[in-house]
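Since the structure comes first, as structure tokens, the remarks are kept for the end.
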Amino acid sequence: MDNAQIAKALEEMAELLEFRGENPFRIRAYQNGAKAIRELGESVAAVLSDPERDLAKIPGIGKTLVEKCQTLVETGSLPQLEELRKAVPAVVIQMARIPGLGAKKAVKLREELGIESLGDLRKACQEDQVAGLKGFGKKTQSAILDGLAIAEEAASRIYWSQADGLARAISDHMQKCKAITKMEWAGSYRRGRDTVGDLDLLVVASDREAAMDHLATYPDVSQTIGRGETKISIRLDKAFQLDMRCVEEDEFGAALQYFTGSQAHNIHTRKIAKEKGLKINEYGVFKIDDDTKIAGTTEKDVYEVIGLPWIPPELREDRLEFKLAQDGKLPTLVELKDIRGDLHMHTTATDGTHTIRDMADAAIERGLSYIAITDHSKRVSMAMGLDEKRLRQQWAVIDEIRNEYQGRLTILKGIECDILEAGGMDLADDCLAEADWVLASIHYGQKQPRDQITERMIGAIENPNVTAIAHPTGRLLNRRPAYEIDMDQVMAAAKQHGKFMELNANPARLDLNDLHLAKAKALGIPIVINTDAHSIDGLDVMGYGIIQARRGGLVAKDVANTQDWPELKKLIDVQH
DNA sequence: GCCGTTTTCGGCCCGACTGTTTTCAGTCG
């Protein structure tokens with residue numbers, strides 16, 4: 001079992017324990033343990049099998065969780081988890097996904113009314129049975145009926161890029177409200193997570209009612225879920241939720257810090273405050289003994305009074321940021337303006353919609369100094385992938401065009417060469433050797449067993465003509481999981497053979513993810529952030545990759561294409 | 001279940017809102 005699978009098992013333990021009404025701190029301990037393992041930069045199985053190492057030394061993992069990990073690694077399952085699965089019926093878990101229903105009420109509904117399906121629940125509501133239960137009422141009953149529709153729509157997380165579109169449109173709308181003097185987005189959107197589950201908006205307003213009224217008039221609002229003196233929650237089309245919170249000017253920094261999260265980051269922040277005799281809430285930082293307020297206007301103040309520098313939102317996951325902050329070693333994260341080139345894009349030769357010249361002109365407009373044309377190789381027949389002959393023809397064209405762009409843009413002869421199902425590269429080595437830039441990637445045989453697909457990937461890394469691995473895990477957010485691949489082995493091989501790894505900036509990919517990027521950085525593997533553009537517009541996704549890179553803690557020098565091509569070329573030669 | 005330059009027991013971040021209550025539990029973030 002790999003770390004992700006172990007973490008998932010522990011998370012499920014936490015979820016199920018919640019339904020059993022367990023001690024909340026025990027539940028959190030399982031969540032913390034799962035997080036620690038998911039973010040651990042090395043394999044749990046490897047640590048366990050090394051007599052020199054002790055898994056319990058990792059914060060959040062104690063004696064009990066070590067035993068659980070051992071059982072999971074050795075047997076692939078966990079008896080306590082199996083028992084809990086039997087003890088907590090699936091329908092209870094389904095019911096708890098309905099907004100407004102949680103573990104306690106879901107359990108009660110099943111026990112008191114014998115609900116065994118969401119259909120039963122709907123019927124019970126329609127027959128007015130729910131409103132009579134203690135702790136329930138008419139409003140809860142009708143909220144459940146509304147919620148059933150939402151639960152069935154499975155309001156999933158949306159891509160960061162989609163959240164960004166919504167947020168920008170809503171910002172435009174809210175700016176028309178004169179009562180609002182300050183506004184900022186918070187939550188996982190501000191932290192730049194690859195997907196976003198809801199939007200959090202923070203405002204300072206001279207008239208709170210007016211600000212809330214204004215939000216409620218946004219055209220896509222389908223429902224107001226709740227509204228109080230300081231907060232309004234609405235549902236946008238497709239069940240997506242937005243919370244807006246109104247605060248005072250001198251609370252804005254504290255509120256922004258608070259609502260940006262993550263939850264784990266906030267818990268850690270407040271623990272540090274508490275140790276200093278301070279208390280942090282969304283209104284400010286206060287002395288515990290006499291309740292004096294000592295900060296709150298800006299986020300910077302909030303961090304400073306507990307002895308920390310301001311921490312970039314992308315790093316606020318309670319991973320390494322507190323240690324880095326305390327040691328004064330917070331990185332200056334990479335920015336979009338640092339990017340000099342784009343090393344993955346397609347043209348009309350395969351499945352792109354624009355020509356080499358179109359892409360070159362668009363790259364110049366975007367301030368780039370070099371691009372690599374990397375069309376598909378022949379195995380990707382659906383995209384009319386290139387064989388050696390057609391590829392060499394394309395390169396001949398590039399040779400001709402290069403002169404036109406001399407001094408403005410360097411156009412590199414590249415290829416995105418498939419790693420074949422049986423292993424090996426899709427194009428002959430003598431051909432690949434003529435390229436300036438060779439990406440290797442997997443498009444077929446994605447469901448192969450772990451050992452096989454890992455071996456294929458490592459085979460490509462060992463090929464001296466390959467420069468970088470493109471979209472190394474193959475994941476498509478919300479659509480397709482990553483390949484079953486041993487990234488520890490893949491990264492070790494990349495390190496050994498001096499290969500680059502791609503951060504594919506396509507908002508549905510963002511592959512490598514933040515944790516893999518952090519690991520690659522720790523190993524010293526150079527990252528290239530590429531758009532994988534299939535059209536001119538596709539070049540504009542670079543920013544999404546930058547945010548992901550920031551979440552991985554990358555600085556400009558960790559990203560190879562922040563250098564100009566001559567320097568990058570030298571780096572390639574040294575690496576190989 | 002984890003953790004400990006006060007502790008191996010007794011803490012564990014903090015508050016808004018709702019609906020059902022009549023002082024609070026449940027849910028959410």
Side-chain angles (χ1 to χ4, degrees), chain A residues 10 13-14 17-19 21-36 55-69 80 95-109 130-144 146-147 186-191 196-202 208 212 224-235 241-247 251 254-255 257-276 278-286 288 302 306 318:
Chain A
L10 296 182
M13 283 287 295
L17 287 169
E18 204 175 346
F19 285 100
E22 265 290 342
N23 175 357
F25 297 106
R26 184 168 173 232
I27 294 164
R28 191 196 289 170
Y30 273 96
Q31 288 165 343
N32 288 344
K35 179 173 186 293
L55 194 62
K57 287 266 191 314
I58 293 155
I61 311 284
K63 199 161 160 270
T64 308
L65 287 186
V66 170
E67 283 169 16
K68 301 265 192 286
C69 287
Q80 295 92 333
M95 284 196 281
R97 300 215 199 288
I98 295 169
L101 281 188
K104 300 241 165 97
K105 284 189 169 168
V107 168
K108 188 159 185 172
L109 282 168
V130 172
L133 291 179
K134 190 171 167 60
F136 292 76
K138 285 275 181 201
K139 288 204 171 176
T140 306
Q141 183 169 272
S142 75
I144 291 171
D146 291 343
S188 56
Y189 170 57
R190 182 166 182 242
R191 298 202 310 281
V196 174
D198 63 13
L199 282 170
D200 301 285
L201 182 60
L202 195 63
R208 292 179 173 186
M212 289 196 238
T224 299
I225 301 162
R227 178 168 171 165
E229 284 178 23
T230 64
K231 181 185 162 184
I232 176 169
S233 293
I234 58 162
R235 212 176 284 292
Q241 185 173 333
L242 184 154
D243 299 328
M244 185 176 82
R245 191 70 176 255
C246 302
V247 298
E251 298 163 349
Q257 195 283 328
Y258 174 75
F259 288 109
T260 298
S262 63
Q263 192 180 28
H265 177 90
N266 283 358
I267 288 173
H268 196 145
T269 309
R270 287 172 206 181
K271 202 172 151 203
I272 292 172
K274 211 167 185 178
E275 284 159 8
K276 295 178 186 292
L278 301 170
K279 183 183 80 168
I280 303 181
N281 59 28
E282 60 261 59
Y283 302 113
V285 186
F286 301 85
I288 289 173
V302 171
I306 61 167
D318 195 17

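The structure presented is a predicted model; accordingly, all values stated were derived computationally and were not measured. Keep in mind that the numbers below use all heavy atoms, side chains included, and drop hydrogens, waters and symmetry copies.
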Distance check, P atoms only: B:dG1 and B:dT6, in whole angstrom units. 28 Å
If I take atom CE from residue A:Met244 and atom CD1 from residue A:Ile232, how far apart are they, to the nearest 0.5 angstrom? 6.0 Å
Could a donor-acceptor pair under 3.5 angstrom be found where the side chain of A:Asn23 meets the base of B:dG1? yes
Can you check the A:Asn32 CG to B:dC12 C1' distance for me, whole Å? 10 Å
Take the protein atom CD of A:Gln263 and the nucleotide atom P of B:dT27, then report the distance between them rounded to whole Å. 16 Å
Can you check the distance between B:dT18 and B:dT23, where both ends of the measurement are the C1' atom (answer in whole Å)? 15 Å
Please report the distance separating the C1' of B:dT7 from the corresponding atom of B:dC12, rounded so that it comes out in whole Å. 14 Å
Identify the nucleotide, in any strand shown, that forms a Watson-Crick or G-U wobble pair with B:dC2, with both distances under 3.5 Å; if there is none, say none. B:dG11
C1' spacing across the pair B:dG26 / B:dT20, given as an integer number of angstrom: 10 Å
C1' atoms of B:dT8 and B:dC2, separation to the nearest Å: 12 Å
Can you list the residues that meet the side chain to side chain donor-acceptor pair (under 3.5 Å) rule with A:Glu22, with sequence neighbours excluded? A:Arg26
Counting only heavy atoms from other residues, nucleotides and ligands, does the tally under 6.0 Å from CD of A:Gln80 exceed 12? yes
Sorted by chain and residue number, the side chain to side chain donor-acceptor pair (under 3.5 Å) partners of A:Thr260 (sequence neighbours excluded) come out as A:Arg190
Between the side chain of A:Gln141 and the main-chain N/O of A:Ala131, is any donor-acceptor distance below 3.5 Å? yes
With the criterion being N/O to N/O and under 3.5 Å, what pairs connect the protein with nucleotides 15-19 of chain B, and how long is each?
| from | atom 1 | to | atom 2 | distance (Å) |
| --- | --- | --- | --- | --- |
| B:dG15 | OP1 | A:Lys279 | NZ | 3.3 |
| B:dG15 | OP1 | A:Asn281 | ND2 | 3.1 |
| B:dA16 | OP1 | A:Tyr283 | OH | 2.6 |
| B:dA16 | O3' | A:Thr230 | OG1 | 3.2 |
| B:dC17 | OP1 | A:Glu229 | N | 3.4 |
| B:dC17 | OP1 | A:Thr230 | N | 3.0 |
| B:dC17 | OP1 | A:Thr230 | OG1 | 2.9 |
| B:dC17 | OP1 | A:Lys231 | N | 3.0 |
| B:dT18 | OP1 | A:Arg227 | N | 2.7 |
| B:dT18 | OP1 | A:Arg227 | O | 3.1 |
| B:dG19 | O3' | A:Thr140 | OG1 | 3.0 |

Spacing of A:Lys108 atom NZ relative to B:dT20 atom C1', expressed in whole Å: 11 Å
Can you confirm whether A:Leu109 sits close enough to A:Leu133 that some side-chain heavy atom of one is under 4.5 Å from a side-chain heavy atom of the other? yes
A:Ser262 meets the side chain to side chain donor-acceptor pair (under 3.5 Å) criterion, sequence neighbours left out, with none
Can you tell me the distance, in whole Å, between the CG atom of A:Leu133 and the C1' atom of B:dT20? 13 Å
Between A:Arg26 and A:Ala103, just flag the one whose closest nucleotide in DNA chain B comes earlier from the 5' side. A:Arg26
Measure the distance from CD on A:Glu22 to C1' on B:dG26 and round it to the nearest whole Å. 18 Å
Indicate for each nucleotide in nucleotides 2-10 of chain B, in 5' to 3' sequence, whether protein heavy atoms under 4.0 Å reach the base (B), only the sugar-phosphate (S), or nothing (-). SS-------
Value for CG (A:Leu278) from CD1 (A:Ile272), rounded to nearest 0.5 Å, stands at 11.5 Å
On DNA chain B, compare the nucleotides closest to A:Leu278 and A:Asp243; which residue's is nearer the 5' end? A:Leu278
Given the P atoms of B:dT27 and B:dT21, what is the spacing between them in whole Å? 15 Å
Considering only heavy atoms from C-beta outward, does the side chain of A:Ile267 approach that of A:Asp318 to under 4.5 Å? no
What's the CZ-C1' distance between A:Arg28 and B:dG11, to the nearest Å? 11 Å
Does B:dT7 count as syn, meaning its glycosidic angle lies within 90° of 0, or as anti? syn
Round to the nearest Å and state the distance from A:Ile267 atom CD1 to B:dC12 atom C1'. 9 Å
Could you list the residues that satisfy side chain to side chain donor-acceptor pair (under 3.5 Å) with A:Gln31, not counting sequence neighbours? none
What contact category does A:Ile27 fall into here, base, sugar-phosphate, or nothing, at under 4.0 angstrom with non-hydrogen atoms? nothing
Answer with base, sugar-phosphate or nothing: what part of the nucleic acid does A:Tyr30 contact at a heavy-atom distance below 4.0 Å? sugar-phosphate
N/O donor-acceptor pair under 3.5 Å between A:Lys108 side chain and A:Lys134 backbone: yes
A:Lys68 NZ to B:dG1 C1': how many Å, rounded? 9 Å
Tell me whether the OP1 or OP2 atom of B:dG11 has a side-chain N or O from A:Lys274 closer than 4.0 Å. no
